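Report on one structure; see the data block that follows.
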Amino acid sequence: MHESPSLRQLLLAVLGASALASLVAWASWRLGAESLLARLLTPAALVLVTTGTLAVLWTRASRRAHLERDAALRSATDASALREAVMDVTPVGFAFFDRELRYVHVNTALAAMNGLPATKHLGHHVTEVMPDLGRLLAPQLQRALQTDAPIQDPCLQVQTPAAPGEPRFWFGSYSRVRGSGGEVLGVIAALSELTERMRAEQSLQEHEDRLDVLTRSLPDYLWGGKLRGGVLRDFYCTPVIERTTGYPASAFVQPGPDGGPPPLWAEMVHPEDRARYRACIEGLAPGAEVELEHRLICSDGRVRWVRSRAAASAPDSQRELHVGCVVTDVTDRRLADDLRQRLHASFRRSAQEWRRTFDAVSSPLIVLGADGIIQRLNAAAIALFDGLDPSGQPLSTAPHSPLRASALLLVELLRHTHGSASREVTDPPSRRAWELSAAWVDEAGGEDSRIILVATEVTRLMELQSRLRRHETMAAMGAIVAGVAHEVRNPLFSISAVVDAVDATFGSRAELQPYLEVLRGEVKRLNHLTQELFEYGRPTRGEWVDGPVRPVVEDALSACAMAAEQAGVAVASALAVELPPVRMDSRRLFHVFRNVVENAVQHSPSGATVRVATEAVEEEGRAWVRCTVHDGGPGFRDEDLPHVFEPFFSKRRGGTGLGLSIVQRILEEHQGIIRLCNTEAGGAEVTLLLPAVSSPPATQSVDSLAS
């Protein structure tokens, strides 16, 4: 394709032709008008001038046409690029099909909705890309090819690779496309995602149905509206109003002339109560509630007493208050007021329980989908996850809790059995025990299965069972050791008397003294053992009083003073002056403190210090008196801690192994607790907790003693 001459070139050509024509004209003038040559040159000059002029005009017209064609091509290219960009960024899916229903163009949104790249569509028939979807679209596209009127598919239910197994809802619109000459080029389809809206509408409809059933089941009717500048607008009421007033609900649909409630809303209020009623309603402050009793004139002329309870919300974004009111017929209350109050209170409790049942369950409760996703859990279950709500997460990735591992095992088991299962779970760090139960629940049709996990804490039950078994064992053992101690005491007395007689008779013989000392020491040790056995097997028949613990602790410290002095161990005490009283048998409790302090002295090396302290504390919502005894010894060995309360278990030479067993038994009689541990600074620490029987203690003052 040759290039057109430029305007400059054409101008030069015209100028040259004009100059040549001028030269010819001059030559003919010089030759004369009669000359044959002059007659030939004059027309030639005219032809040259005319031809040059026409060439200039033709060239300018041709150049303008080229410019207009180039501008049109650029505009078409820009329009096409803009159209492509718009179709790619719009959230609506677009596809263009030729007359054979083959994909010609697919935008980004539709490719994402289908879950396939655009290249997998182009050139393929609509039924080849996704057969199920294609069988739905093909008839609609074929209809669109045969008419200029758009074809709409308001609710197209499909399943695509983008969401396998999940039904999706689309809105489809199909239109025939014609070319500039009127020929049919194909059909364009516009598809919009309606899934979330359909679900929201379904959920909203369910809530509306529940609310409708709930309101229809109430003996009272409800009305509501918005307060704008002290005037009630957007009035509505429940159909139950017809039961109380006799007026049809349709009479309260149309607003009044001023846009407020229907005139009947105020007219059916007794004239004597009308001003007071409107003043209470229209004068509601944000967040306020008002309750008043007034009379209504029913459709049949009867006068009924009702109680209106209205409440206003906080101002919304438009500074309007949402007002709701419950109207209760209280006419019969004049005859049966007590019955009415009970029924109304029962209804309120039922309504509150209906709203809060799930969260009010004290046991942790978790609802899982069949895929193990946590769908809901109550407040008790959230507490197990350290206050974090893992709703919407898989149980396997939820925050750590003591029940998670066992719950995963039960969930996996139920996926195969679709039944129920349970197991016991213990959490050593918190010393809590749970009975974890799981059940597979199928919804109607089996389309939406659930797994319900319920954890019941059985820590207290297991403790009671363990304590009962221990009590039974200790009772049986106590009866045996008490009998043995009784039988041993008489021979010991005889042996002691014989030793004293031998000493009185042969005491002057030096060679017998070592043997007599050995006999006296063994008799003393056996007497101590017998006393321990008596104390262990003694039945609980103490004198119980409410009194302070401090005098008992001080008596125990005084009783241990000599032993501490002989061992070279100091005893330092920090006893609170004012402590709440406890229910106690002071003689038995004295034995507890004395035994614990003596053990601390015996296990402390010479020069060490045993520290004794008392204070008032609160644990698990209950007031306690706590006494701690900290020695300077090596502490408990880890392998010995599970056995220290077992009878006759002792690691100290000459020990009976009954001391801590007796302490534990007496504390259990007092509903108390004993705890053993090793401190970071070294030494063992024994903590004794006794339940207080009074209000929380006053400010504590500490008396520190050292010996």
Side-chain angles (χ1 to χ4, degrees), residues 203 206-207 210 214 348-444 446-469 617-624 642 671 673 675 689 691:
S203 177
E206 290 177 356
H207 285 291
R210 292 174 186 171
L214 180 60
R348 291 186 63 189
R349 287 194 300 270
S350 298
Q352 292 173 355
E353 290 173 359
W354 178 81
R355 292 192 301 266
R356 300 182 299 182
T357 295
F358 187 77
D359 287 332
V361 176
S362 58
S363 297
L365 193 152
I366 304 175
V367 180
L368 304 172
D371 53 0
I373 302 295
I374 299 176
Q375 297 182 347
R376 189 173 178 185
L377 67 170
N378 63 355
I382 292 176
L384 288 178
F385 291 103
D386 295 330
L388 301 176
D389 188 350
S391 298
Q393 302 180 28
L395 181 60
S396 57
T397 62
H400 177 74
S401 75
L403 304 179
R404 188 180 68 177
S406 299
L408 288 173
L409 295 177
L410 288 180
V411 169
E412 190 63 30
L413 176 62
L414 263 61
R415 284 178 178 172
H416 296 87
T417 63
H418 289 192
S420 60
S422 63
R423 64 184 302 170
E424 289 187 356
V425 182
T426 57
D427 182 31
S430 63
R431 295 183 295 182
R432 301 173 72 182
W434 308 82
E435 183 179 355
L436 185 60
S437 302
W440 182 280
V441 179
D442 284 321
E443 298 291 340
E447 298 179 356
D448 195 8
S449 300
R450 298 284 189 274
I451 298 175
I452 310 298
L453 289 172
V454 180
T456 304
E457 187 169 3
V458 293
T459 307
R460 182 63 177 167
L461 177 61
M462 295 184 68
E463 288 177 353
L464 291 176
Q465 290 175 347
S466 176
R467 185 175 295 180
L468 177 60
R469 289 192 297 268
V617 297
E618 185 172 341
E619 291 187 12
E620 299 179 356
R622 186 174 181 181
W624 302 81
Q671 305 298 316
I673 301 172
R675 297 172 182 164
L689 290 171

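This structure is a prediction, so every number in the text was calculated from the model and none was measured. In what follows, residues are counted from 1 in the order of the sequence shown.
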Query - Closest approach of A398 to F385 (non-hydrogen atoms, all atoms of both residues) - result: CB-CE2, 3.9 Å
Report task. Test side-chain contact (heavy atoms from CB on, under 4.5 Å) on I451 and L410 and set out the steps. Result -> CA-CA 10 Å; I451 298 175; L410 288 180; over 6 Å; no
**Report entry** Non-hydrogen side-chain atoms of L453 and L395 separated by less than 4.5 Å
**Finding:** yes
Query raised in the report: How long is the gap from OG on S396 to CD1 on I373, to the nearest 0.5 Å?
Result: 7.5 Å
Query raised in the report: So do L377 and P364 actually touch side chain to side chain, heavy atoms under 4.5 Å?
Result: no
Query raised in the report: Which heavy atom of R415 sits nearest a heavy atom of G372, and at what distance?
Result: NH2-N, 3.2 Å
**Report entry** Residue pair S422 / S437: nearest heavy atoms and the distance that separates them
**Finding:** CB-OG, 3.6 Å
Report summary line: One should read off an interatomic distance between L689 CG and R622 CZ, to the nearest 0.5 angstrom, of 10.5 Å
Query - Interatomic spacing from CG in L436 to CZ in R404 - rounded to 0.5 Å - result: 13.5 Å
Query raised in the report: Say you draw a straight line from CG of D442 to CZ of R450; how long is it, rounded to the nearest 0.5 Å?
Result: 10.5 Å
Query - Distance in Å, L408 CG paired with L413 CG, rounded so as to fall on 0.5 Å steps - result: 12.5 Å
**Report entry** Sub-4.5 Å side-chain heavy-atom contact between V367 and V441
**Finding:** no
Requested in this report: Any ring-ring contact (aromatic ring centres under 6.0 Å, His included) involving residues 408-430? Give me the pairs, sequence neighbours left out, ordered by first then second residue.
Outcome: H418-W440
**Report entry** Atom of P399, atom of L388 and distance for their closest heavy-atom approach
**Finding:** CG-CD1, 3.9 Å
Report summary line: When rounded to the nearest 0.5 Å, the distance separating CZ of R376 from CD1 of I382 is 9.5 Å
